[in-house]
Participant: 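Below is a structure I'd like to ask you about.
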Amino acid sequence: MDNTLTTKFSLNQGWLTEKDAVVFGVFEGEEIPCGLGFKKETAEKEAELLFPIFSKIKRYFAHKDFSGKLGKVAVIYPENVLYKRVILCGLGKKEELDAEKLRQVASQAIAAAEATDAAKISFTLFGSPLQRAEDRLRYIFEGAVLTLYKFNAYKSKGAEKESGAKITEVEFLLPEIIEADEVSAWQKQLERNVTIAEAVYFARNIVNQPSSVVTPQFLAETAEALAKQYPGISVRVMRKTELKDRGMNGILTVGGGSDKEPVLITLEYSPASASEKTVALVGKGVCFDSGGLSLKSAENMMEMKMDMAGAAAVMGAIVTAARLQLPVKVSAVIPAVENVPSPTAYKPGDIITSASGKTIEVLNTDAEGRIILADALHYAAAELKPTYVIDLATLTYACELALGNHYAGLLGNNDELLGLITEASERTGEKVWLFPFDDCYKKQIESDVADVKNIGGKTAGVITSSLFLKEFVGEHKGYAHIDIAGTAILSEKNHYRPKGGSGFGVRLLVDFLEHLGGVSEAIKAE
Ligand code: BES
Ligand code: MN
Ligand code: ZN
């Protein structure tokens, strides 16, 4: 799988070159685009070039064909200028424009450009005066790159296969008259953004690939390839014998119905100089979730190749941490299995002794994620002993019912950690919603015959599933769980998130790691 971006991104200055299409942002009622920048030496000439476009835009306003309302887009074809097309994007009211709206506007601009024959497009860094120009670059880039993503690995030929390759270059026009020595800092920013986008593409690609390709073995090989490719990352794959020796019966039992052997993958990124705080990211890696003997309905099973989205996100995040050389020690722990019925599959009524020693009564083989995570979380918390343990899992349908496809569920036992995740969420637009992590719900997972049972009844499914997980984190006091069941895969496109795998969690985790201890060089340069 190739996750490098097919579109080339660059920075540029000045208006004296030809452009296939240039994107302008206009606030409601302002009539003049914002965020334009000129090159010091040629500013006058450039303004002269833009002037005829401004008067044309004014006519759009005069005829009320365009008002600058958020979400409105118009493509205009100016005459006698170097630019074939101008894509006008409404930014809405100045005081209401925020990061997420900017991503969405950039996404609309890409959609409009894709409808034309433009191969090379230029973005001006429009945005609110309250946003720093570097942040505008970040948000517009994110909206654009995440919209340009296409998954057409299995389209044999024809127009659809080619779609998306059409826009080959995107340039960002630096907004202010900046000095030559500032350009390298901007370049670094752009490179950071590209690196993160590649990780989102990586996560989306893995989620979108069928389960016939993305098996536990495939995830293990992918992890091994990443460790080879990126300095600072090491990998360890535990297979059947080692899992047995370690008493990881949760992973072995859930994976026992499949001919594809279960594995526990651990990636580790150790920078030469690291902050005190260390992080273990745990990602649910159920390569296919049929429900097992508690079989899902055909309809509910349809999307279940996505049940390893947590694994994909934590892999994307740790690779990015290494590529950006973040000064934080990070581990990624991935229990990978396939949950299918067969004569060797586990059964309702079975009792499993997990790696922690705690016993689990299985009452529904479709609540399999929490069982494999029990072993993985115990390993992460008790053996790796990081400051923080964060798991990402497509854990419950209850979460999707509660929050739909916009917010992931967040629960945890450490206010500082929850605060850090929430802040990262606000910066990235990967939204999280805090649920109570309250032991008063624990009664629902008490078992008559074992320490816990794997289902918690009809109500409060997000909470009872996470309290189940908490049992295996033991005494660790820095734990957070993120339920991405509703956000990992979308049944229809939502702005810059396409139909299918969304890559949710990658940007959230990277941003969290960037702000944890010390900051990366790119951020420092801001
Ligand atoms: N992978 C599913 C959760 C899921 C459902 C993710 C829909 C995305 C969309 C999980 O393994 C599961 O089946 N959970 C059950 C648990 C129940 C049996 C207690 C669920 O939520 O229905
Ligand atoms: Mn399930
Ligand atoms: Zn599942």
Side-chain angles (χ1 to χ4, degrees), residues 207-208 211 214 216 219 250-251 253-258 262 282-313 334-341 345-350 360-376 391-409 411 435 441 444-447 452-469 481-492 499-502 504-505:
V207 171
N208 288 335
S211 67
V214 180
L219 289 180
I251 296 171
T253 304
V254 173
S258 172
V282 181
K284 172 176 170 181
V286 175
C287 294
F288 189 75
D289 181 14
S290 70
L293 286 171
S294 311
L295 198 64
K296 285 182 186 293
S297 68
E299 178 150 355
N300 289 344
M301 209 187 291
M302 239 164 359
E303 287 188 331
M304 283 304 137
K305 67 171 182 184
M306 58 74 94
D307 214 15
M308 29 52 66
I334 296 158
V337 302
E338 184 176 72
N339 184 27
V340 288
Y346 74 136
K347 303 172 187 73
D350 284 356
I360 301 166
E361 180 188 12
V362 178
L363 288 174
N364 188 320
T365 61
D366 197 11
E368 83 297 339
R370 62 196 78 182
I371 302 175
I372 62 169
L373 287 169
D375 283 348
D391 82 71
L392 261 77
T394 46
L395 201 65
T396 66
Y397 182 54
C399 190
E400 187 170 2
L401 274 181
L403 300 175
N405 306 116
H406 298 284
Y407 278 76
L411 307 96
F435 281 79
Y441 294 89
Q444 289 178 235
I445 53 167
E446 276 171 14
S447 162
V452 274
K453 60 180 180 188
N454 80 329
I455 52 172
K458 280 205 179 94
T459 62
V462 179
I463 304 168
T464 55
S465 61
S466 63
L467 289 175
F468 177 100
L469 299 179
H481 161 64
I482 305 178
D483 192 331
I484 58 170
T487 53
I489 188 170
L490 303 179
S491 53
E492 57 188 89
K499 179 177 175 178
S502 66
F504 187 98

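Just so you know, ligand 1 is whichever comes first in the structure, and atom 1 is the first atom listed for that ligand.
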Participant: Would you tell me which option among Thr487, Leu395, Val462 has the nearest heavy-atom contact to atom 14 (N) of ligand 1?
Facilitator: Leu395
Participant: Restricting to N/O/S atoms, is Asp307 within less than 2.8 Å of the Mn ion (ligand 2) or not?
Facilitator: no
Participant: Identify the two heavy atoms, one from Ile371 and one from Phe468, that lie closest to each other, and give their separation to 0.1 Å.
Facilitator: N-CE2, 4.3 Å
Participant: Going through the checks in order, is the side chain to side chain donor-acceptor pair (under 3.5 Å) test met by Thr487 and Asn405?
Facilitator: CA-CA 5 Å; Thr487 53; Asn405 306 116; over 6 Å; no
Participant: For Lys284 and Ala311, indicate whether the former's side chain and the latter's backbone hold a donor-acceptor pair under 3.5 Å.
Facilitator: no
Participant: At what distance is the nearest protein heavy atom to atom 6 (C) of ligand 1, and which residue and atom is it?
Facilitator: Ala485 CB, 3.6 Å
Participant: Under 3.5 Å between some N or O of ligand 1 and some N or O of Thr394?
Facilitator: yes
Participant: Looking only at distances, please establish whether an N/O atom of ligand 1 is found under 3.5 Å from an N/O atom of Asn364.
Facilitator: no
Participant: Using 2.8 Å as a strict upper limit, say whether an N, O or S atom of Lys284 approaches the Zn ion (ligand 3) that closely.
Facilitator: yes
Participant: Report yes if some N/O of Glu400 lies less than 3.5 Å from some N/O of ligand 1; otherwise report no.
Facilitator: no
Participant: Would you say the side chains of Asn454 and Glu361 form a donor-acceptor pair under 3.5 Å?
Facilitator: no
Participant: Among the N, O or S atoms that Glu368 has, which is closest to the Mn ion (ligand 2)?
Facilitator: OE1
Participant: In Asp289, which N, O or S atom comes closest to the Zn ion (ligand 3)?
Facilitator: OD2
Participant: In ligand 1, which numbered atoms sit nearer than 4.0 Å to a non-hydrogen atom of Glu368?
Facilitator: 11 (O)
Participant: Can you check whether Glu338's main-chain N or O pairs, donor with acceptor, with Ser258's side chain at less than 3.5 Å?
Facilitator: no
Participant: As a test of reading the structure, name the N/O/S atom of Asp289 that is nearest the Mn ion (ligand 2).
Facilitator: OD2
Participant: Determine which of the N, O or S atoms in Glu368 is closest to the Zn ion (ligand 3) and give its atom name.
Facilitator: OE2
Participant: As an exercise, identify every atom of ligand 1 less than 4.0 angstrom from a heavy atom of Lys284.
Facilitator: 1 (N), 10 (C), 11 (O)
Participant: Look up atom CZ in Phe435 and atom OG in Ser465, then write down how far apart they are to the nearest 0.5 Å.
Facilitator: 9.0 Å
Participant: Tell me the closest heavy-atom pair linking Gln444 and Lys453, and the distance in Å.
Facilitator: O-CE, 3.3 Å
Participant: Going by the atom numbers of ligand 1, which of them fall below 4.0 Å from some non-hydrogen atom of Ile455?
Facilitator: 19 (C)
Participant: Strictly by modelled atom types, are Thr396 and Asp483 linked by a side-chain donor-acceptor pair under 3.5 Å?
Facilitator: yes
Participant: Considering the heavy atoms of Arg370, write down every atom of ligand 1 situated less than 4.0 Å from one of them.
Facilitator: 16 (C), 19 (C)
Participant: Going from NZ on Lys305 to CZ on Phe288, what distance comes out if it is rounded to the nearest 0.5 angstrom?
Facilitator: 10.0 Å
Participant: What residue and heavy atom of the protein are closest to atom 22 (O) of ligand 1, and at what distance?
Facilitator: Tyr397 CB, 3.9 Å
Participant: Just need the protein heavy atom nearest to atom 2 (C) of ligand 1, so name the residue and atom and give the distance.
Facilitator: Asp289 OD2, 3.5 Å
Participant: Could you tell me whether Thr396 and ligand 1 have an N or O pair separated by under 3.5 Å?
Facilitator: no
Participant: Please name the atom of Asp307, restricted to N, O or S, that is closest to the Zn ion (ligand 3).
Facilitator: OD2
Participant: Against heavy atoms of Met306, which atoms of ligand 1 measure under 4.0 Å?
Facilitator: 8 (C)
Participant: Looking only at distances, please establish whether an N/O atom of ligand 1 is found under 3.5 Å from an N/O atom of Asn454.
Facilitator: no
